[in-house]
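This report refers to the structure that appears directly beneath it.
First the proteins, then the strands, lettered A, B, ... as listed; each starts at 1.
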Amino acid sequence: MFGGLAMSPRAARLWISSPPLVYLLVFFAIPALIMVLASFRYAGELGGLAPLVGSGDPDELAGLTLENYQRFFGDSIYLELFLKSFLYASTTTVLCLVLAYPLALTIARSHAKWRDLLVLLVILPFWSNFLIRVYAWMIILGPQSAFTRVFNGALGLAGIEPVALLFSPVAVVIGLVYVHLPFMVLPLYANLEKHDPSLLDAAQDLGAGAWQRFWRVTFPLSLPGVYAGAALVFIPALGIFAIPDILGGTDGLLVGNVIKQQFLDARDWPFGSVLSIVLTVLAVLFAGMAAWVARGQRL
Amino acid sequence: MALLEIRSVTRRFRDFVAVDGVSLSIQAGEFFTLLGPSGCGKTTLLRMIAGFDQPDGGQIVIDGKDMAGVPPEERNVHTVFQSYALFPHMTVEQNIAFPLKMSRCPAGEIGARVREALDDVSLLGMEKRFPNELSGGQRQRVAVARALVNRPKLLLLDEPLAALDAKLKEKMQLELIALQKEVGITFIYVTHDQEEALALSHRIAVMNKGRVEQLDEPAVLYSAPKNRFVADFIGECNLLDCTVALQDGGTLDLDVAQLGRVRAAGVEGSAGATQGTLALRPEKVSIARALADETCVNRFRGKVHDYLYTGDVTLYIVEVEGGRRIEVMLPNNAVGRSSKFFEPGDAVEIGWREDAGHFLRD
């Protein structure tokens, strides 16, 4: 009775995959194209975009222009902004890796009955709101907090002047690492959990001590997890604006903050688009590089 | 002094005694096999020799040195694992160089020694391959080469041929024998495959429930098993419960239920026995429509119940007049044998010589 609905496997595949395809087309590809177009236009007087076709008034800005790109490449302040964002994102990635690796390894090597619980604990922070968690750091790092007092007390004992933790680069990095840590732990854990324990037995049997077993067997085999985790941390950290907004103070601005300012405060959509496009291109380049390096390792 | 001394070693896992007071002494240059069904403790014993597990009691002494508290990486003992455990991210060359690097072999020597090891296992030319580009047999050889490359005192092999198909298994068995002879390193081989054990070993320890049931050369083990377990585990065997009716010097007259009176050769320690088991190998029993061979003192008439044709031999199950079923093996190239098999229901006569069966005292 369903004979009339029979379709070829190819058609079936297309049918099943079409909802996400349509979704991505409408909400990603088309907006991205609109943004590319916007980056070549003038800003409207009251925000938004100037008309594409002018009314004939010689003073009116209309049509297409390279001005926005000239502005970006003409002032080194934007390059410095990207460099600064790159530095924060890389610092975050490295710190996340250093903190997440022992954690992921401990979970992967713990008894099977504990593993699910431990993974649950790693993702537990996702159950509360992202902003609330970042505001919590504002309190923890604030000048009156117990943490800051103990910290500055310790500095005092060492003869160092007390420092302000909040609204500093340190606070931004702490926030970035805290928020992104699970994105490093999960791919690492997924990789480490699959490792064949007999390889470690073999390495030990052939004379490798604990450090050699880690460095020559576990770590190289975990590189796909390291690359995946690095991409999942680095790329969002590069464009994030909420954390520097809340914890970073006035000179803690990163690319994400400036893009947000261009769209919402300066109401300069075309220049905001230029910054967004450069950010996207950089992110794609890094993701591509991670994939390329991973493939070069034959993993 | 033996190379490896295992002195009343015991290993318990909660209530389960995996290895129960085992003592063995293995000489340098020996091909020694631990044979037994799964769960008999052979792998636990091997892991304790390698250092992955510690005995709860007893002592393991390698080359005169007590191994208590010595971790695996500091023992001059290497293992070929059942899964081979080749490092998937390293080439054949890098896998084999691994133990050399661990033992701080001078970098200049590594290349030559890797080539030598590859030559030993006939894998020259495969240096740059990765393990996933090799066949099962090639992987097995890389695992052996890697474990042998820095000449350990002892090589432990944990069912290394279990994953290979029958033809390749046979080929690798011959290669292992040749290799062991060539390198002269002591091999301790673990397997549950009795044919493999018989084919490879100088001596075999048959293990069951954590104990060594018998330790002997393959031929002795096969022809003179010490007890029912060994007789049953090694090769096909008719195990006939019997009572001793008469004992006269070198011969025993035995009563076997559902069969009758059987004459068997006495064995060491059979004097005064009243109960026992007669272990009778199927290939020692003759079968014919009417037996001509006068040396068969034990003769019984019966009919063929069923048979199993395996190419080179046929195994007949014959039900004698008393009702007992006896397995009889007949080579298919036996002289005078017609192309026709005995069919189920055919009337036959079976028989065996006095010294064919092996009496096991209870």
Side-chain angles (χ1 to χ4, degrees), chain A residues 97 100-101 104-106 108-114 184 187-231 289-299, chain B residues 43 46-53 70-91 94-105 117 128-133 139 142-160:
Chain A
L97 181 63
Y101 209 109
L105 200 59
T106 307
R109 299 215 175 137
S110 56
H111 195 282
K113 70 178 174 194
W114 295 112
M184 185 64 92
L188 272 178
Y189 164 73
N191 173 289
L192 291 169
E193 188 252 353
K194 283 184 301 188
H195 286 200
D196 177 359
S198 75
L199 294 179
L200 291 178
D201 278 357
Q204 187 173 17
D205 186 75
L206 295 168
W211 170 248
Q212 294 280 15
R213 295 200 289 279
F214 173 77
W215 185 241
R216 290 181 185 267
V217 181
T218 305
F219 187 71
L221 286 173
S222 73
L223 282 176
V226 171
Y227 296 137
M289 221 165 67
W292 183 75
V293 172
R295 225 184 27 204
Q297 305 265 352
R298 295 182 40 93
L299 292 162
Chain B
T43 298
L46 198 75
R47 285 182 68 82
M48 288 192 285
I49 299 170
F52 290 112
D53 204 353
V70 179
E73 63 265 37
E74 285 165 27
R75 296 188 182 195
N76 202 353
V77 173
H78 288 177
T79 308
V80 176
F81 292 84
Q82 187 171 4
S83 63
Y84 311 145
L86 298 178
F87 303 123
H89 57 299
M90 298 183 195
T91 60
Q94 290 166 334
N95 263 286
I96 297 174
F98 187 87
L100 296 173
K101 283 185 187 154
M102 291 304 110
S103 59
R104 306 226 159 75
C105 173
K128 304 291 178 205
R129 300 272 187 99
F130 282 88
N132 64 0
E133 296 167 331
R139 279 180 216 178
V142 175
V144 172
R146 185 179 69 173
L148 280 177
V149 69
N150 61 3
R151 305 285 154 182
K153 281 253 154 52
L154 264 177
L155 184 72
L156 311 179
L157 301 104
D158 185 9
E159 309 230 7

Worksheet entry | Pairing residues for Thr43(B) by the side-chain hydrogen bond (donor to acceptor under 3.5 Å, both in side chains) criterion, not counting sequence neighbours |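 Checked Thr43(B) against side-chain hydrogen bond (donor to acceptor under 3.5 Å, both in side chains); zero matches.
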What pair of heavy atoms forms the shortest contact from [X] to [Y], and how long is it?
{"X": "Phe98(B)", "Y": "Ala208(A)", "answer": "CZ-CB, 3.9 Å"}
{"X": "Leu221(A)", "Y": "Pro88(B)", "answer": "CD2-CG, 3.7 Å"}
{"X": "Ala50(B)", "Y": "Asp205(A)", "answer": "CB-OD1, 4.1 Å"}
{"X": "Arg216(A)", "Y": "His89(B)", "answer": "O-NE2, 2.8 Å"}
{"X": "Phe87(B)", "Y": "Val217(A)", "answer": "CE2-CG2, 3.8 Å"}

Worksheet, complete the sentence: If one checks every heavy atom of Gln204(A) against chain B at 4.5 Å, the contacting part turns out to be both
Worksheet item: chain A heavy atoms under 4.5 Å from Leu86(B): which part of the residue, side chain, backbone, both or neither?
Response: backbone
Worksheet item: Of the backbone (N, CA, C, O) and the side chain (C-beta and beyond), which part of Arg104(B) lies under 4.5 Å from a heavy atom of chain A, both, or neither?
Response: neither
Worksheet item: Do any pairs count as a salt bridge (Lys or Arg N to Asp or Glu O under 4.0 Å) and have a residue in residues 147-158 of chain B, sequence neighbours left out, and if so which ones?
Response: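 Every salt bridge (Lys or Arg N to Asp or Glu O under 4.0 Å) pair that includes a residue of residues 147-158 of chain B, provided the two are not neighbours, is Asp63(B)-Lys153(B), Glu116(B)-Arg151(B), Asp120(B)-Arg151(B).
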Discussion item. Looking at chain A, which one of Gln82(B), Lys101(B), Met90(B), Arg146(B) has the largest number of heavy-atom pairs inside 4.5 Å, strictly under?
Written reply: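 Option with the top pair count is Arg146(B).
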Fill in: Phe52(B) CZ to Asp201(A) CG distance, which is reported to the nearest 0.5 Å
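Rounded to the nearest 0.5 Å, the CZ-CG separation comes to 4.0 Å.
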Let me check something: any side-chain donor-acceptor pairs from residues 193-200 of chain A under 3.5 Å, sequence neighbours excluded? List them with distances.
residue	atom	partner	partner atom	Å
His195(A)	NE2	Asn191(A)	OD1	2.8
Asp196(A)	OD1	Ser198(A)	N	2.9
Asp196(A)	OD1	Ser198(A)	OG	3.0
Asp196(A)	OD2	Ser198(A)	OG	3.0
Ser198(A)	OG	Ser83(B)	OG	3.4

Item to complete: Please list, in residue-number order, every residue in residues 72-80 of chain B that has a heavy atom less than 4.5 Å from any heavy atom of chain A; write 'none' if there are none.
Response: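 Within residues 72-80 of chain B, near chain A: Pro72(B), Glu73(B), Val77(B), His78(B), Thr79(B).
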